[in-house]
**Student:** 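First the structure, then my questions, so here it is.
Within every chain, numbering begins at 1; the chains are lettered A, B, ... in the order of the sequence lines, protein sequences first and strands thereafter.
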2 protein chains.
Amino acid sequence: MRNTTITDIAKKLKISASTVSRALNDYPDINEETKNQVKMLAKKLNYWPNPIARSLKSNRTNVIGVIVPEIKHDFFSSAISGIEEVAYHSGYTILVCQSNESYDREVINTNALMHQRVAGFIVSISQSTTNGDHFKALLDRKIPLVFFDRAFDQLPAIKVVIDDAKSSCRAVTHLIERGYKKIAHFSGPIAMEISKQRLKGYKNALKKANLPILNELIRYGGLQESDGYASMDALIKENVIPDAIFAVNDPVAIGAFQRINEAGLKIPDDIAIVGFSNNKITSLIEPPMTTVNQPSYEMGEKAAEILIEMIEKKKTHNENKAIVFEAELVVRKST
Amino acid sequence: MRNTTITDIAKKLKISASTVSRALNDYPDINEETKNQVKMLAKKLNYWPNPIARSLKSNRTNVIGVIVPEIKHDFFSSAISGIEEVAYHSGYTILVCQSNESYDREVINTNALMHQRVAGFIVSISQSTTNGDHFKALLDRKIPLVFFDRAFDQLPAIKVVIDDAKSSCRAVTHLIERGYKKIAHFSGPIAMEISKQRLKGYKNALKKANLPILNELIRYGGLQESDGYASMDALIKENVIPDAIFAVNDPVAIGAFQRINEAGLKIPDDIAIVGFSNNKITSLIEPPMTTVNQPSYEMGEKAAEILIEMIEKKKTHNENKAIVFEAELVVRKST
DNA sequence: TTTGCTTATGCAAACGATTTCGGAAAAACA
DNA sequence: TGTTTTTCCGAAATCGTTTGCATAAGCAAA
């Protein structure tokens, strides 16, 4: 079965393809009767304009490119859900790629989607991304770009984020309120904005409570479980045992959690622990872990709304603007 | 900044566009020197063939359409992750839509992707889908289609599923091994394939253990929490108290769980309970619930592998074949 | 009758790549 | 020298739609 084309309709009605095109697009200088004939036949033949042919002329599509580190992570899949929902209601579809935290793959994906002429991008960058040339190429071509959660900060693009510093400060303050005093922080890659902001929040909370900021209690690493495990391991080996830990994210917290268990220490009695992102696993473990919940679905919705507005209003987006969401602390038994 | 085209290269080298095309595609009847010149200039100008122009000629794309009920659900997002991974390594991108369990939206999405000329479809149907005309349209156009998890059974298409009967049998056998003898089953809509299969597994397990199959212990209902609640309520009112329950899915199990709690009965001492699907909530409740975990990521990978093979080998797919995965029992404290 | 204007439509180019057909030039052969 | 074969390349059509320009018909005013 072939798809009906505009020329099929033209032939049947013995008129030209251009007239059919104009009739279907309601051009004013087409006779009403012709228009009706065309539209009726189009409906009868189940005509649907070929979006590929259209795209070739217009050099754009009704597709939004979405690039995230990993689709299956709660936070991202929920955000994608929100993006799709908004996109659907505006007549867009979404092309979804995952970088698997690899810079190279992020670049490849970005280029692939760019060459597929997606109308705009919604991106959360990989952990290993420190160079933003592939995103700059989008801005150069005036392709709308919205970051969410993990933004590439050196570029003038809009980002949808939570207030990492504020939420982190709240999480650490919670620890302080529960009576913990020697609070360690397991940070992420120092180049990453979320690492910086969460570290900042940690320090702010300590300052507000007049607690000392001790460098030996601040550990840098990656964003994986193994990094949290390693940081905790180092503390134990150095015999620097904090009474609480605030981790840059949930995997790191889980890694520390494991090492704490292995050391025979009790959570939360010996050491309390707070993660970040409210990953599923944090509630599965025993004891369930206190963490910060990000409004992922809503952030996805918002990112899509902004992007679509940029696409449709052809707004240039050379402003470094942040849409900031509130994140809520989920208190569980680990504190 | 404009994208380089094949004619840009042709003009610079004072040759024809056709020669450039052939050089880039390594046609044998192009002079080696010409080929090299073309390739070098292409690289220098950062040339990338326009996939839209290609698609217009070939009437196909390197895009796979994925339609699921809800992206953010654990099972589906994990499956999508698996699909994307395989797709990426084969040079495909994925267009993801969610039906939100709405038949209408599933139809709209299917048509939209079909008209966008996706190379193939991977679909898990919505709960409300009873008519398969939109999928039949794909088969008519020889567009490859693979179902996963929830298949539309009346069509000759490949499906990637788990062995519901076998997994159910294993779950019930687990109950028997733990010493439970009066095991009830809360089934789903009798018309649904998963209901039939899971009921079958329940019966098989009882037979193997030489336990009687009692109709009063088999309750039919929907797939929602309220249905599980109602079934449990009925049992209590009839004073038929089982010592264990195997529910058709997690929501039904959760409903029963609530009613059991309200009745002041203890889980697992008075009544044990097993769900199906390993929904997030099953591990959050107290006590955490034993359930059946489906290998979502692997099922996604497999579905993508099959689909891509169909696409590339242009295999017709008029066979109703099932790829069956093993589902694993996740034992928690509710049993 | 000529000129000018409106209305409705067609022609052809364009988007960028691929592909069929064929031809010129060079090489090989008689 | 003449004929055939090979090598290399170009012209043009094609995919389906949009759009600038041309034009025919009809009618009114001069």
Side-chain angles (χ1 to χ4, degrees), chain A residues 1-39 41-42 45-63 111-112 114-119 141, chain B residues 1-39 41-42 45-63 91 111-112 114-119 141 143:
Chain A
M1 245 211 316
R2 246 184 77 259
N3 289 296
T4 309
T5 72
I6 224 166
T7 24
D8 295 337
I9 298 177
K11 277 181 191 159
K12 290 222 179 190
L13 293 179
K14 296 193 197 304
I15 57 178
S16 78
S18 26
T19 304
V20 176
S21 171
R22 281 186 277 244
L24 290 171
N25 291 303
D26 260 331
Y27 273 53
D29 51 359
I30 296 292
N31 187 293
E32 275 304 320
E33 203 190 335
T34 317
K35 264 189 201 173
N36 286 335
Q37 284 187 357
V38 169
K39 286 183 181 172
L41 186 57
L45 296 182
N46 211 2
Y47 170 78
W48 198 311
N50 182 332
I52 295 180
R54 267 194 177 158
S55 295
L56 184 60
K57 276 234 65 153
S58 63
N59 207 29
R60 67 172 293 270
T61 61
N62 273 287
V63 178
N111 287 328
M114 181 179 81
H115 285 104
Q116 285 190 47
R117 307 298 194 277
V118 298
R141 285 158 207 244
Chain B
M1 243 208 320
R2 244 184 78 259
N3 288 298
T4 310
T5 72
I6 223 167
T7 24
D8 295 338
I9 298 177
K11 276 181 191 161
K12 291 221 178 190
L13 293 179
K14 295 194 197 304
I15 56 178
S16 77
S18 21
T19 304
V20 176
S21 171
R22 281 187 279 243
L24 291 171
N25 291 302
D26 260 333
Y27 274 52
D29 50 357
I30 297 291
N31 187 292
E32 275 304 319
E33 202 190 337
T34 317
K35 264 190 201 175
N36 286 335
Q37 284 187 358
V38 169
K39 286 183 183 173
L41 186 58
L45 295 180
N46 210 1
Y47 170 78
W48 198 309
N50 183 332
I52 296 180
R54 268 192 178 160
S55 296
L56 185 59
K57 271 232 65 148
S58 63
N59 207 29
R60 66 172 295 271
T61 60
N62 273 286
V63 177
N111 287 328
M114 181 179 80
H115 285 105
Q116 286 190 48
R117 308 296 193 278
V118 298
R141 284 158 206 247
I143 301 173

**Student:** With heavy-atom distances below 4.5 Å as the criterion, would you say the side chains of A/W48 and B/N111 are in contact?
**Tutor:** yes

**Student:** Please determine whether a side-chain nitrogen or oxygen atom of B/T19 lies at a distance below 4.0 Å from atom OP1 or OP2 of D/dC9.
**Tutor:**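 So the side-chain polar atoms of B/T19 never come under 4.0 Å of the phosphate oxygens OP1 or OP2 of D/dC9.
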
**Student:** Tell me: NZ of B/K11 to C1' of D/dG10, nearest whole Å?
**Tutor:** 16 Å

**Student:** Can you give one letter per nucleotide of nucleotides 22-28 of chain D, 5' to 3': B if a protein heavy atom sits under 4.0 Å from the base, S if only from the sugar-phosphate, - if neither?
**Tutor:** -------

**Student:** Go along nucleotides 12-18 of chain C 5' to 3' and tag each nucleotide: B for a protein heavy atom under 4.0 Å from its base, S when only backbone or sugar atoms are that close, - otherwise.
**Tutor:** B-BBBBB

**Student:** Counting C-beta onward and ignoring hydrogens, is there a side-chain heavy-atom pair between A/V20 and A/I15 closer than 4.5 Å?
**Tutor:**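 Yes; the side chains approach each other to less than 4.5 Å.
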
**Student:** Mind checking the NZ-OG1 spacing from B/K11 to B/T7? Nearest 0.5 Å is all I need.
**Tutor:**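 The NZ atom of B/K11 sits 6.0 Å away from the OG1 atom of B/T7.
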
**Student:** Let me know the distance between NZ of B/K35 and P of D/dC8, rounded to the nearest Å.
**Tutor:** 9 Å

**Student:** Compare all side-chain heavy atoms of B/I52 with those of A/R54 and state whether any distance is below 4.5 angstrom.
**Tutor:** no

**Student:** Please report, rounded to the nearest Å, how far the C1' atom of D/dC8 is from the CD atom of B/Q37.
**Tutor:** 14 Å

**Student:** May I ask you to say what A/T34 touches in the nucleic acid, namely base, sugar-phosphate or nothing, with a heavy-atom cut-off under 4.0 Å?
**Tutor:** sugar-phosphate

**Student:** Can you tell me the distance, in whole Å, between the CG atom of A/N31 and the C1' atom of C/dT6?
**Tutor:**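 For the pair A/N31 CG and C/dT6 C1', the rounded distance is 13 Å.
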
**Student:** Nearest whole Å is fine: how far is C/dA26 P from B/D29 CG?
**Tutor:** 18 Å

**Student:** Rounded to the nearest 0.5 Å, what separation is found between the CG atom of B/N3 and the CG atom of A/N59?
**Tutor:**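 Between atom CG of B/N3 and atom CG of A/N59 there are 7.0 Å.
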
**Student:** Rounded to the nearest Å, what distance is computed from the CG atom of residue A/L13 to the C1' atom of nucleotide C/dA8?
**Tutor:** 15 Å

**Student:** What integer distance in Å separates A/E33:CD from C/dT9:C1'?
**Tutor:** 14 Å

**Student:** Check this for me: A/K12, atom NZ, are more than 12 non-hydrogen atoms of other residues, nucleotides or ligands nearer than 6.0 Å?
**Tutor:**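 No - once you tally the heavy atoms of other residues, nucleotides and ligands closer than 6.0 Å, there are 12 at most.
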
**Student:** The helix from C/dT1-D/dA30 to C/dA30-D/dT1: angle between its terminal axes, five pairs each, to 10°?
**Tutor:** 80°

**Student:** Ignoring hydrogens and geometry, is there a side-chain-to-backbone donor-acceptor pair from A/T4 to A/L45 under 3.5 Å?
**Tutor:** yes

**Student:** For A/D26 and D/dT17, give me the distance from atom CG to atom P, rounded to whole Å.
**Tutor:** 17 Å

**Student:** Show the numbers, then the answer: is there a side-chain contact (heavy atoms from CB on, under 4.5 Å) between A/D8 and A/Y47?
**Tutor:** CA-CA 9 Å; A/D8 295 337; A/Y47 170 78; over 6 Å; no

**Student:** So how far is it from A/E32 CD to A/Q37 CD, rounded to the nearest 0.5 Å?
**Tutor:**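 A/E32 CD to A/Q37 CD: 12.0 Å, rounded to 0.5 Å.
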
**Student:** Strictly below 4.0 Å, N to O, side chains only: are B/D29 and B/R22 in salt-bridge contact?
**Tutor:**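 Result for this pair is no, no salt bridge flagged.
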
**Student:** Is a donor from one side chain sitting under 3.5 angstrom from an acceptor on the other, for B/T19 and B/S16?
**Tutor:** yes

